[in-house]
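Could you have a look at this structure, given as structure tokens, before my questions?
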Amino acid sequence: MQYHFREIEKKWQSFWNQNKSYEVKNDFNKPKCYVLDMFPYPSGSGLHVGHPLGYIASDIFARYKKLKGFNVLHPMGFDAFGLPAEQYAIETGQHPSITTEQNINRYKQQLRNIGFCYDTCREVNTSDPHYYKWTQWIFLKLYNSWFNHATQKAEPIESLKTKMIEQNPEWSSVEIENELMKYRLAYRAESYVNWCEALGTVLANDEVINGVSERGGHPVDRKKMSQWFLRITDYADRLLEGLEKVQFPESLKEMQRNWIGKSVGAEMNFEIENSNKKIKVFTTRPDTIFGVSFLVLAPEHELVSELTTSSEKEKIEHYKSYVTSRSERERLAENKKVTGCFTGSYAIHPFTKNKIPIWIAEYVLAGYGTGAIMAVPAGDERDFHFAQHFQLPIPIIFKGQEEQTVNSEKNIELINSDFLNDFNSFDASKMVIQKLEDEGIGKKKINYRMRDAGFSRQRYWGEPFPVYYDENNTPQALLENDLPLLLPFMQSYSAGPNGKGPLANNQEWVNIPQGTRETDTMPGYAGSSWYYLRYMDPHNDKEFCDRTISDYWNQVDVYIGGAEHAVGHLLYSRMWCKVLYDLGYISFDEPYKKLINQGMIQGSSRLMYRIKQSNTFVSSGLKNQYETDEIYVDCNFCDGVQLDIEKFKAWRTDFQNATFILENGKYYCGAQVEKMSKRLYNIVNPDDVIEEFGADTFRMYEMFLGPIEMSKPWDTKGIEGVHRFLKKLWRIFIDEQNGLSISNEKPTNEEFAILHHTIKKVTNDIENFALNTAVSQFMICVNDLQKQQCNKREILEPLLILLTPFAPHICEELWHLMGNTHSILDAKYPEVNEEYLQKNQFTYPIAINGKTRTELNFAVDLPQNEIEQNVLADEVVQKWLEGKSPKKIIFVKGRMINVVI
RNA sequence: GCGGGCGUGGUGAAAUUGGUAGACACGCUAGACUUAGGAUCUAGUGCUUCGCGGCAUGGGGGUUCGAGUCCCUCCGCCCGCACCA
């Protein structure tokens, strides 16, 4: 009786399916565990072996927790709105809803093959009206809320509106609405988009390559448009603080902190000579105020033209056109080159009343801070280089500072700084801010690098905004009862007029009695910002999620996904969580308790070497004897690096008559590790691997490859080791000739020790997501049991339970063959019995001066002096002692012994 | 430039608090069983040396009885951010 994995896997997959084995009840009496994967965007090319890595890890963890008695929520769904489907639709004319459905079905088939324990009844699809109804509903909550900085939380907009009307009784309703728009968490404002005139459409950053459109290579400009935004900047501080209480990888927390980019400093106004305008600057070093030698404005700063004197006008215009001619890429790349231009105007130093020249320079960005800086050459690298280049003064303001140097340290005493002399940066900054506030020319200011999140897309395939514009062009929210606002079916997805999205072409849909509908749609991250909540209560048509149910399931205990979502998705969903929490809809304000970033599985590309101007290929080891071109060949044509020549010839007609120069009668390809990609022919499809080796082997091999968070190359050859392990396991239970052979004899202590050591190691490894070493331990265990020829029930049953999370199909099969009638999924996880792990003997490594020279076996409870005597009497030790007596002996009980000479 | 991470055999990788470096596999070498093997089993496999031994965790230095692990320094690779005031 052989291990027929295909039959076994199909059989149990349909059994579990029919028996609804993976159905999860909202059973509040049991302890819960929520194990979540970042759901996939179902792309047209299907899954490759890299995608399921995290899914397998989470599946193992979920199954383990279930065996441990937890009620485990482990769902899967699809992030189904988005740009690629629309692009594909434009190219092929197929409606996105159709291709999306096809892709989802393919994904589901591929996932089903791997044997995940998803409760498929809870599946979500962000493009399903039953789902996006609630995305729209949450949008309305955002729209109808504001962030109260006094309480540091979101509150309904009504409270603000009432106050506003009281305070400004003369305002019209339109004026009130305009003012409220400055507070709403979802709001409209003007901003720039990538506009492509030739395509008549707005492009995503991805679609712009080197300043031209990816499709067609047309020029792309910045265009100002009115758009929806989320006021995520109001949550900046709470998003930062929240990082302290979640278990995310440090690198990821750091990325989020960088993205938020909080900096504390001061904002102050500089008066302008011969003008009543003021220049507002932001600085993190108010203490260096006496080192200011010039001001720099961004070339795009609104005061530039006003400040430019007639004598400088030509130069300034010239400089400005130079700056606009430079792409953002160029401005970033050449950061050594110093450029700038004097405006001709002067500002007045707030304390010394000295004249300070005002310059413009591309190194000051319009979008950061106030778009203007006070330049302190003594304390800032860039200001210093700028001053040197344009021969501006470099006042010395730090104790011990040489002339013509820059020092950006903060813990240094100030000189030549009037009332700040002898104070360090920290104290001086406080004093300056106090003085600025006293004199009404500045204040303490916290600045963030993070911008509010753009929430509009001029696209078809996304959630429509539940908003229309009335006769005053004021946005009006739909009533909750009118949700969902369905995305109308359209045959053409080309851009609408004036940069509007495709929906603008659908006049029937746009024009309603109350006004005109919003034609933008929501971005891809809308649906994914809250999907973890919907899994809890997926069929609720009264609410997005029942509060008692979300109270029970609560935070996601473990969230697994790629690091590419480190800032976008995770920050947005963290913000949405906080808003829902503030408004009282859920009871936690961080969605994910613990997060693991799985590494990428890279492809191992196969290369062939074609002799130049020929159709002859030379094997890798001989390629240096010829002049060759490298050709990528499909890695699936190879067994390891050995090419299947027939498959290769059949691949493309021009290779039919290829000839080969072989090594030992074989053609060996070169190998190269790089990203899995169609272009490099190094994609391995899990379906093929499962067909050849089975899902259990596939699951275990993915884990065996290495630590979950590390990137590593896929090597199909290595899978055979794991496959052999499962066959070996099978043979412990099943004799090829006689079938099942299980003994009910009492196991020996040695056999128990093997089992309990494995229970301990594997359990500990699963808790730590060290699944690669857990797989190793199973191999060690089975190797040991095989050596003992152990086929005893009392050992094998617990072993099967232990292994079920990794290889559910073979375990269920063997479990039933052993005579069990209930599913192994309902078994109880085995406990470690430490008694079996006690050793009374230990083989000590004996080191002389730290180098291991021999081993000696002692009873664990033998007194130290007796052990030492025995060690010194040992032949090998005697030899190394060369008659000398040891200086000392280091004895670590149960570890090692070191004799120091 | 800044921040985070990493560097161990031919390959993927192991190594609790500093305590036998290379577990477990792949590959390779030999052998057994077989009509056959891409099945299975056995033995070997870091480098070096006939051997005793010596050398080995990116390089150099330090702390320690003892360092892959801790400290300093240099080099290389990966990821993220980048003229952020």
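In the text below, chain A, chain B and the rest are named by the order of the sequence lines, each starting its count at 1.
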*Residue-phosphate contact under 4.0 Å: A/R731 side-chain N/O, B/A39 OP1/OP2*: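 So the side-chain polar atoms of A/R731 never come under 4.0 Å of the phosphate oxygens OP1 or OP2 of B/A39.
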*Could you check which nucleotide pairs with B/G1 in any of the strands shown, counting Watson-Crick or G-U wobble with both distances under 3.5 Å?*
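Checking every strand shown, B/G1 finds its partner in B/C81, with both distances under 3.5 Å.
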*Any A/Q256 side-chain nitrogen or oxygen under 4.0 Å from OP1 or OP2 of B/C81*: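 No, no such contact exists.
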*If the P atom of B/G61 is compared with that of B/A67, how far apart are they to the nearest Å?*
14 Å
*So do A/Q777 and A/H757 actually touch side chain to side chain, heavy atoms under 4.5 Å?*
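A/H757 vs A/Q777: side chains touch.
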*B/U40, B/G19, B/C65: which one has an atom nearest the side-chain heavy atoms of A/R724?*
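Looking only at side-chain atoms, A/R724 lies closest to B/U40.
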*Between A/R853 and B/G54, is there a side-chain N or O to OP1/OP2 distance below 4.0 Å?*
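Affirmative; the distance criterion is met.
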*Would you classify B/G9 as syn or anti? Syn applies when the glycosidic angle is within 90° of 0.*
syn
_B/G66 and B/C84, which share atom name C1', separated by this distance in whole Å_ = 49 Å
*Please tell me which of A/A372 and A/V892 maps to the more 5' nucleotide of RNA chain B, matching each residue to the nucleotide holding its nearest heavy atom.*
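Mapping each residue to its closest nucleotide by heavy atoms, the 5'-most match is A/V892.
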*Side-chain N or O of A/N447 less than 4.0 angstrom from OP1 or OP2 on B/A85?*
no
*Just by modelled atom types, is the A/M268 backbone N or O under 3.5 Å from a matching donor or acceptor in the A/K278 side chain?*
no
*asked:* Say we look at B/C72 and B/U64: how far apart would their C1' atoms be, to the nearest angstrom?
replied: 16 Å
*asked:* I'd like to know if the side chain of A/N768 and the backbone of A/N764 have a donor-acceptor N/O pair within less than 3.5 Å.
replied: yes
*Any N or O donor-acceptor pair linking the side chain of A/N898 to the base of B/C65 at under 3.5 Å?*
yes
*Can you find a heavy atom in the side chain of A/D715 that is under 4.5 Å from one in the side chain of A/S604?*
no
*Tell me whether the OP1 or OP2 atom of B/G3 has a side-chain N or O from A/R257 closer than 4.0 Å.*
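Answer is no, no contact under 4.0 Å.
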_P-based separation of B/C6 from B/G53 [nearest Å]_ = 37 Å
_Under 3.5 Å on both distances, the Watson-Crick or G-U partner of B/A13_ =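 Because no pair has both required distances under 3.5 Å, B/A13 counts as unpaired.
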*Which value, in whole Å, describes the distance between the C1' atoms of nucleotides B/U20 and B/G46?*
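These two C1' atoms come out 16 Å apart once rounded.
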_Identity of whatever pairs with B/A36 - Watson-Crick or G-U, under 3.5 angstrom_ = none
*Of all the choices, B/G12, B/A23, B/C81, which nucleotide is nearest to the side chain of A/S776 once you look at every atom?*
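From the listed options, B/A23 comes nearest.
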*Atom CG of A/N258 to atom P of B/G1: distance rounded to whole Å?*
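Between P of B/G1 and CG of A/N258: 17 Å.
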*Are any of A/K445's side-chain N or O atoms less than 4.0 Å away from OP1 or OP2 of B/A85?*
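For B/A85, OP1/OP2 do not have a side-chain N/O of A/K445 under 4.0 Å.
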*From the options B/C83, B/A13, B/U20, select the nucleotide whose nearest atom is closest to the side chain of A/M710.*
B/A13
_Both distances below 3.5 Å, Watson-Crick or wobble geometry, any strand: find the nucleotide opposite B/C50._
none
_For A/G894, is there any backbone N or O sitting under 3.5 Å from a side-chain donor or acceptor partner on A/Y844?_
yes
*Starting from P on B/C78, measure out to CD on A/E564 and report it in whole angstrom.*
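Spelled out: CD on A/E564 to P on B/C78 is 19 Å.
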*Rounded to the nearest angstrom, tell me the gap between atom CD1 in A/I719 and atom P in B/G27.*
12 Å
*Which base, if any, makes a Watson-Crick or G-U wobble pair with B/A23, both distances under 3.5 Å?*
none
*In whole angstrom, give me the gap between the P atoms of B/C74 and B/A21.*
30 Å
_Integer angstrom distance from the C1' of B/G7 to that of B/G22_ =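 Approximately 16 Å lies between the C1' atom of B/G7 and that of B/G22.
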*Report the distance from atom CD of A/Q789 to atom P of B/C41, rounded to the nearest whole Å.*
13 Å
*Is there a Watson-Crick or G-U wobble partner for B/C6 with both distances under 3.5 Å, and if so, which one is it?*
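Because both required distances fall under 3.5 Å, B/C6 counts as paired with B/G76.
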*asked:* Nearest heavy atom decides the nucleotide; on that basis, is A/K727 or A/K717 closer to the 5' end of RNA chain B?
replied: A/K717
*Counting only N and O atoms by type, is there a donor-acceptor contact under 3.5 Å from the side chain of A/Q256 to the main-chain atoms of A/A566?*
yes
*Watson-Crick or G-U counterpart of B/A43, or none if no pair lies under 3.5 Å*: B/U29
*Can the ring centres of A/H723 and A/Y701 be said to be less than 6.0 Å apart?*
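Here the rings of A/Y701 and A/H723 have centres that are no less than 6.0 Å from each other.
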*Taking atom C1' in both B/C77 and B/C71, what distance in whole Å separates the two?*
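Comparing C1' positions in B/C77 and B/C71 gives a spacing of 23 Å.
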*Is there side-chain contact between A/I889 and A/V871, with at least one heavy-atom pair below 4.5 Å?*
no
*Verify the contact: side-chain N or O of A/R895 to OP1 or OP2 of B/G18, cut-off strictly under 4.0 Å; return yes or no.*
no
*Closest to side chain of A/N772, choosing from B/U20, B/C84, B/A13*: B/A13
*asked:* Let's test this: given Watson-Crick or G-U wobble pairing with both distances under 3.5 Å, identify the partner of B/G18.
replied: none
*Please report, rounded to the nearest Å, how far the P atom of B/C24 is from the CG atom of A/L729.*
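Nearest whole value for this atom pair: 18 Å.
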